[in-house]
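Step one of this worksheet: look at the structure below.
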Amino acid sequence: MIVAMDKWTVARTLDEIAQYIELSDPNPFRARAFEKAARKVETLEADLGDLVKRGELSSVSGIGKATGAIIEEIVNTGQSRYLDELREQYPPGIFDLLRVPALGLKKIGVLFSELGVSDLETLEQAAREGRVAKLKGFGAKTQQKILEGIEVARNRTSKHLLTFGLHAGETLREQLASIDVIEDAEVTGSVRRRLEVIQNVNIAVAARDPKKAIAAIKKRKLLDAIEELDENTLRGTGREDVVVFIHIVTPENFGSCVLVTTGSREFVEGFLAHGKLTKARTEHDLFEKNGIAFVEPELREDAAPLKKKKRVTLIQPTDLRGTFHIHTTYSDGRHSVLQMLEEARERGFEYAGLSDHSQAAFYARGLKPDDLKRQHAEIDRASEEVAPLRVFRGTEADILNDGAIDYGAKILSKFDFVIASIHSRFGMEKDEMTDRILRALDDPHVTFLGHATGRKLLVRDGYTFEFDKIFDRCAERGVMIEINGNPYRLDLDWRHVRRAIDRGVGFSIHPDAHSTREMSHVISGTWVARKAGLTAKQIFNTKPVDEVAEYLAARRKRALAAG
DNA sequence: GCCGTTTTCGGCCCGACTGTTTTCAGTCG
């Protein structure tokens with residue numbers, strides 16, 4: 001029987017092979033060839049199974065004899081013997097070492113073959129004994145960096161991205177809710193508060209007989225290493241070793257349980273200063289009985305919101321009428337102009353702004369002026385097909401090292417909007433970086449400041465600059481800051497969004513989508529906006545299409561007049 | 001490993017930075 005392997009699985013397999021090759025093969029282009037084939041497979045318009053059946057795989061540019069044979073095998077059998085062989089040659093957790101900053105696949109390959117390093121523990125031992133510094137291409141400084149990096153990696157492995165916690169929590173919640181002795185279940189804790197990085201997952205469960213519920217949960221084996229902490233609490237570990245707490249109470253105590261396990265501690269203490277944990281089936285009932293206006297979970301990092309007399313209506317994903325910052329195959333996106341626009345239309349958007357990388361972003365295949373002409377023609381054609389969706393032509397232009405915007409005024413004036421982003425020289429000194437961004441904000445073509453700090457959660461901190469100076473200049477120049485909804489970025493941080501709003505800065509929620517699937521990052525973007533306490537009115541892309549078009553046109557006119 | 005042709009080999013998006021080196025390799029974006 002033919003196993004219908006989807007192209008994503010095939011691409012993942014090719015990527016994994018590429019990683020193994022890079023560990024051992026001195027020729028970097030061999031690994032790259034596999035990566036290239038993976039990207040090709042992903043963006044294939046034709047059905048992969050059909051191509052294999054008709055023997056037309058090798059007609060695809062980038063797929064040759066070797067990669068073609070592997071793809072064919074995966075499509076037909078669901079696996080690759082070549083990958084299996086590679087896996088056998090290395091310890092299973094070898095790629096976990098990539099979490100150590102300064103370690104790439106080349107160094108990991110050497111550490112493994114020369115010292116037998118297979119995980120963080122063996123790496124630490126080798127470094128402490130000074131064996132790493134003696135390796136060719138390594139030295140005392142690298143060894144020290146590795147030791148520091150191990151700590152960073154350890155710290156990161158105990159933490160998880162919110163998107164992971166949310167998915168893990170919701171999956172578990174559904175499984176728990178389907179158990180017959182369980183009446184209700186809700187994900188609480190820092191996941192419910194939508195904190196960007198979480199340490200554990202909490203779930204509140206309501207059951208008439210908690211003892212029976214605990215027995216049923218244990219029997220289902222939904223978690224590993226499950227243990228009873230007390231008569232109401234289970235602890236276990238889920239995927240990727242995430243620690244999960246399940247709190248089981250009777251239905252009349254469910255409201256209190258949800259409130260207390262959602263936290264934060266400061267908020268709960270503040271609540272108890274004003275009210276009591278009376279019997280209540282829902283959290284809303286509990287607030288009502290205490291005469292306290294409901295506080296959205298996202299706002300519960302401290303007790304301050306308890307003082308509000310009325311519940312605040314925060315922005316919701318459905319408030320968004322369109323978005324900007326969408327990449328296509330013209331730069332480093334995986335889907336075509338038309339595919340991305342169709343996705344926007346299917347999401348019910350009234351408008352979508354395309355913005356591929358500018359020429360300075362080599363590594364992301366940034367567009368040269370000639371490519372822009374081709375792309376603009378293609379956008380025009382695609383726009384007709386996706387009507388009534390309104391399409392805006394933009395760019396994600398690099399902020400160059402001196403703060404100038406890539407392309408220059410003549411080309412920038414051709415776009416409906418410009419997202420200015422930093423993609424190079426992250427390590428600049430604070431003052432220099434501040435000046436660099438300030439100068440960028442002075443360019444009248446700039447509409448949005450993209451991923452303002454450049455952070456990648458659990459991977460790297462953002463670059464440093466003087467926030468207030470940047471916020472004030474944004475407000476002064478009318479440059480909006482994007483809330484980048486990529487779950488790895490969530491940049492600008494919600495704490496800073498609050499600060500910037502107070503200084504009069506405008507915000508817009510963008511997916512930074514590199515595929516149709518990533519258009520959903522607008523939803524993670526609303527996590528940040530909600531956590532910052534924003535209402536729909538405070539976000540640019542909740543405005544109707546006419547208003548947005550008018551604003552962009554007026555801004556463009558001003559830029560033209562400015563020169 | 002793949003491609004293309006000036007067709008069976010040579011090149012394969014680039015640049016800053018760092019640490020290892022004395023001319024370059026690995027990492028990161």
Side-chain angles (χ1 to χ4, degrees), chain A residues 14-15 17-41 57-71 80 82-83 86 95 97-112 114 132-149 152-153 329-333 356-368 370-371 396 398-402 406 421-429 432-433 436 450-451 453-456 459-463 486 488-489 491 512 514:
Chain A
L14 290 168
D15 276 327
I17 291 173
Q19 282 207 308
Y20 277 115
I21 290 173
E22 216 170 336
L23 280 179
S24 57
D25 198 319
N27 173 15
F29 297 105
R30 204 171 146 243
R32 197 168 297 167
F34 278 86
E35 281 169 15
K36 239 180 185 171
R39 300 289 80 75
K40 269 286 163 201
V41 167
L57 254 188
S58 50
S59 69
V60 180
S61 163
I63 297 175
K65 237 175 155 182
T67 50
I70 287 169
I71 294 169
S80 158
Y82 183 45
L83 176 59
L86 289 168
F95 296 125
L97 291 170
L98 282 170
R99 286 180 189 256
V100 180
L103 275 193
L105 289 165
K106 282 274 171 295
K107 284 206 166 84
I108 292 172
V110 173
L111 287 166
F112 169 71
E114 298 297 317
V132 171
K134 287 185 189 138
L135 290 173
K136 195 173 149 60
F138 292 72
K141 279 195 177 172
T142 304
Q143 180 167 272
Q144 186 52 35
K145 247 186 169 174
I146 286 174
L147 279 171
E148 287 161 19
V152 177
T329 45
Y330 272 88
S331 64
D332 58 350
D356 275 308
H357 287 281
S358 66
Q359 54 189 352
F362 303 107
Y363 62 90
R365 298 191 296 278
L367 275 71
K368 301 215 168 63
D370 281 348
D371 304 324
E396 182 182 16
D398 268 36
I399 297 175
L400 305 178
N401 293 347
D402 64 355
D406 199 12
S421 303
I422 286 179
H423 291 112
S424 59
R425 292 286 310 277
F426 284 31
M428 234 179 221
E429 288 300 320
E432 201 185 354
M433 187 60 100
R436 179 185 184 188
H451 47 71
T453 73
R455 77 173 180 187
K456 289 237 171 108
V459 177
R460 64 156 193 256
D461 294 335
Y463 24 88
N486 182 317
Y488 280 89
R489 293 183 181 270
D491 183 9
D512 197 353
H514 289 78

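From a predicted model like this one, the values you see are computed outputs, not experimental measurements. Chain identifiers are assigned alphabetically (A, B, ...) following the order of the sequence lines, protein sequences preceding nucleic acid strands; residue numbering begins at 1 within each chain.
The residue from A/I399, A/D398, A/L400 that alone fulfils the side-chain contact (heavy atoms from CB on, under 4.5 Å) condition with A/S358 is A/D398.
If you take atom C1' in B/dT7 and the same atom in B/dT22, they sit 40 Å apart, rounded to whole Å. The C1' atoms of B/dT5 and B/dG10 are separated by 11 Å, rounded to the nearest whole Å. The same atom, P, is picked in B/dT20 and in B/dG15; the two are 25 Å apart, to the nearest Å. Taking the P atoms as reference points, B/dA16 lies 23 Å from B/dG11, given to the whole Å. Taking the C1' atoms as reference points, B/dG26 lies 32 Å from B/dT8, given to the whole Å. B/dC12 and B/dT18 have their C1' atoms separated by 25 Å, with the value rounded to a whole Å. To the nearest whole angstrom, the two P atoms, one in B/dT27 and one in B/dT21, are 15 Å apart. Nucleotides B/dC3 and B/dC13 have their C1' atoms positioned 15 Å apart, rounded to a whole Å.
If you check B/dT8 for Watson-Crick or wobble pairing at under 3.5 angstrom, you find it has no partner at all.
Nearest heavy atom pair, residue A/I17 against residue A/S80, reads CD1-OG, 4.0 Å. Listed here is the closest heavy atom pair of A/S421 and A/G450: OG-CA, 3.5 Å. Here the shortest heavy-atom pairing between A/F95 and A/Y20 reads CE1-CZ, 3.6 Å. Nearest heavy atoms, A/D15 versus A/A38: OD1-CB, 3.6 Å. The shortest non-hydrogen separation linking A/G454 to A/F426 is O-CE2, 4.1 Å. Looking at every heavy atom in both residues, A/H357 comes nearest to A/A364 through CD2-CB, 3.4 Å.
Side-chain proximity of A/K107 to B/dG1, B/dT18, B/dG26: nearest is B/dG26. Of all nucleotides listed (B/dC13, B/dG19, B/dT27), B/dT27 comes nearest to the side chain of A/K106. Comparing B/dT27, B/dG1, B/dT20 by their closest approach to the side chain of A/A33 singles out B/dG1. Residue A/F29 places its side chain closer to B/dC12 than to any other of B/dT27, B/dT20, B/dC12.
With rounding to whole Å, A/R39 atom CZ is found 16 Å from B/dC2 atom C1'. Between the P atom of B/dC14 and the CG atom of A/D406 lies a distance of 16 Å, rounded to the nearest Å. Here B/dG26 presents its P atom at 10 Å from CD of A/E22, a figure rounded to the nearest Å. When the P atom of B/dG19 is taken as reference, atom CG of A/L135 falls 17 Å away, rounded to whole Å. Counting to the nearest Å, the P atom of B/dC28 and the CG atom of A/L98 are 8 Å from each other. As rounded to whole Å, 16 Å separates atom C1' of B/dG26 from atom CG of A/D25. In this entry the distance linking CZ of A/F426 with C1' of B/dT18 reads 17 Å, nearest Å. Note: CZ (A/R32) to P (B/dG26) measures 13 Å, nearest angstrom.
A/D461 CG: 12 or fewer foreign heavy atoms inside a 6.0 Å radius.
Contact annotation: A/T142 side-chain N/O to B/dT18 OP1/OP2 distance is not under 4.0 Å. For the OP1/OP2 pair of B/dC13 and a distance below 4.0 Å, the side-chain nitrogens and oxygens of A/K36 include at least one atom meeting the criterion.
With hydrogens and angles ignored, the 3.5 Å screen pairs no side-chain donor or acceptor of A/R489 with any backbone N or O of A/K456.
Positionally, the nearest nucleotide of DNA chain B for A/A364 lies more toward the 5' end than for the other of A/A364 and A/A102. Both A/I108 and A/N27 lie close to DNA chain B; mapped to their nearest nucleotides by heavy-atom distance, the more 5′-ward contact belongs to A/N27.
Nucleic acid contact for A/R425: sugar-phosphate only, since backbone atoms but no base atoms lie under 4.0 Å from a heavy atom of the residue. Residue-level contact check: A/N401 touches neither bases nor backbone, having no heavy atom under 4.0 Å from any strand. Residue A/A133 is out of contact with every strand shown, counting any heavy-atom pair closer than 4.0 Å.
For residues 59-67 of chain A, proximity to DNA chain B is found at A/V60, A/S61, A/G62, A/I63, A/G64, A/K65, A/A66, A/T67, defined as any non-hydrogen atom under 4.0 angstrom from a strand atom.
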